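Just below is one structure, and these are the notes that go with it.
Computed from a predicted structure; not experimentally measured. Numbering starts at 1 and runs along the sequence shown.
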Amino acid sequence: QLEFITPFQLYFNPDLIFRKFQIWRLITNFLFFGPLGFSFFFNMIFLYRYCRMLEEGSFRGRTADFVFMFLFGGFLMTLFGLFASLFFLGQAFTIMLVYVWSRRNPYIRMNFFGLLNFQAPFLPWVLMGFSLLLGNSIIIDLLGIAVGHIYYFLEDVFPNQPGGKKLLLTPSFLKMVFDTPEEDPNYNPLPEDRPEHQPRDQDQNMQQHPQ
């Protein structure tokens with residue numbers, strides 16, 4: 001907004017990425033949501049709300065898995081962006097988060113601006129219809145829904161099918177970075193690492209029961 005940089009320095013351009021090594025465009029294209037306006041604040045509210053609900057809900061205590069979902073979704077969107085000539089993918093990323101949350105909370109009743117009442121799984125489609133009413137292209141919304149469905153199917157549906165298995169495995173280095181290590185229940189601390197009250201208790205026992 002202050003024009004320190006322009007959208008032309010941020011948008012997704014494969015030629016500039018691979019030929020001129022402007023690698024930052026792989027990330028910055030997800031961070032631009034257009035000029036300040038209704039669409040910008042709309043995306044910010046939904047991004048914050050559903051990212052937070054996922055993190056505090058189905059991903060509670062699984063930060064590495066949460067980050068892996070970001071990386072997996074961003075990778076697929078980037079691949080689609082190569083063929084669809086898309087410049088900014090931030091809105092698709094928001095729709096992906098909304099889709100995953102909505103499928104994991106299918107019985108929650110939603111109300112859209114006091115006009116529509118529906119179950120949570122219909123929320124991404126309602127948002128796409130609203131985007132269409134605003135005159136925006138729905139390709140970005142469809143991309144977010146498609147990537148969200150791929151992640152949801154591979155993570156929640158396919159592993160529970162007969163003969164299915166978990167295909168999305170979070171890399172161990174992400175778990176090492178983001179997840180706190182679990183305490184070993186069989187760990188026996190050294191005497192000098194044990195709580196200080198233990199020697200005091202032993203001294204009291206010696207005083208109460210002298211030999």
### salt bridge (Lys or Arg N to Asp or Glu O under 4.0 Å) evaluation trace for D156 with R103
CA-CA 10 Å; D156 295 5; R103 294 305 299 265; over 6 Å; no

#### Entry: Atom pair CG/CG of L167 and L154 - distance to nearest 0.5 Å
6.0 Å

Minimum-distance pair of heavy atoms, taken over all atoms of [X] and [Y]:
X    : Y    : result
L97  : L54  : O-CD1, 3.6 Å
P159 : F153 : CD-O, 4.0 Å
Y151 : D65  : OH-O, 4.4 Å
Q9   : F4   : OE1-O, 4.4 Å
M110 : A120 : CG-CA, 3.7 Å
G34  : F40  : O-CD1, 3.7 Å

Determine whether [X] and [Y] fall in the same hydrophobic cluster, where Ile, Leu, Val, Met, Phe, Trp and Tyr are linked whenever their side-chain heavy atoms lie under 4.5 Å apart.
X    : Y    : answer
M128 : F38  : yes
L169 : L174 : no
M44  : L10  : no

Is any side-chain heavy atom of [X] less than 4.5 Å from a side-chain heavy atom of [Y]?
X    : Y    : result
R109 : Q119 : yes
P171 : F68  : yes
I17  : I23  : yes
M69  : R62  : no
F30  : T78  : yes

Is the backbone N or O of [Y] less than 3.5 Å from a side-chain atom of [X], with the two atoms forming a donor-acceptor pair by type?
X    : Y    : result
S131 : L127 : no
Q161 : F158 : no
N13  : L16  : yes
R25  : Y11  : yes
S102 : Y99  : yes
W101 : R49  : no

### Query
How are the rings of F46 and Y50 set relative to one another: parallel (under 30°), tilted (30 to 60°) or perpendicular (over 60°)?
parallel

### Message
Tell me if the aromatic rings of F130 and F42 count as close, with their centers under 6.0 Å from one another.
### Response
yes

### Summary
Under a side-chain separation threshold of 4.5 Å, the hydrophobic residues clustered together with L31 are I27

Donor-acceptor list for residues 82-96 side chains, cut-off 3.5 Å, not counting sequence neighbours:
residue : atom : partner : partner atom : Å
Q91     : NE2  : D141    : OD1          : 3.3
Q91     : NE2  : D141    : OD2          : 3.3
T94     : OG1  : G90     : O            : 3.2

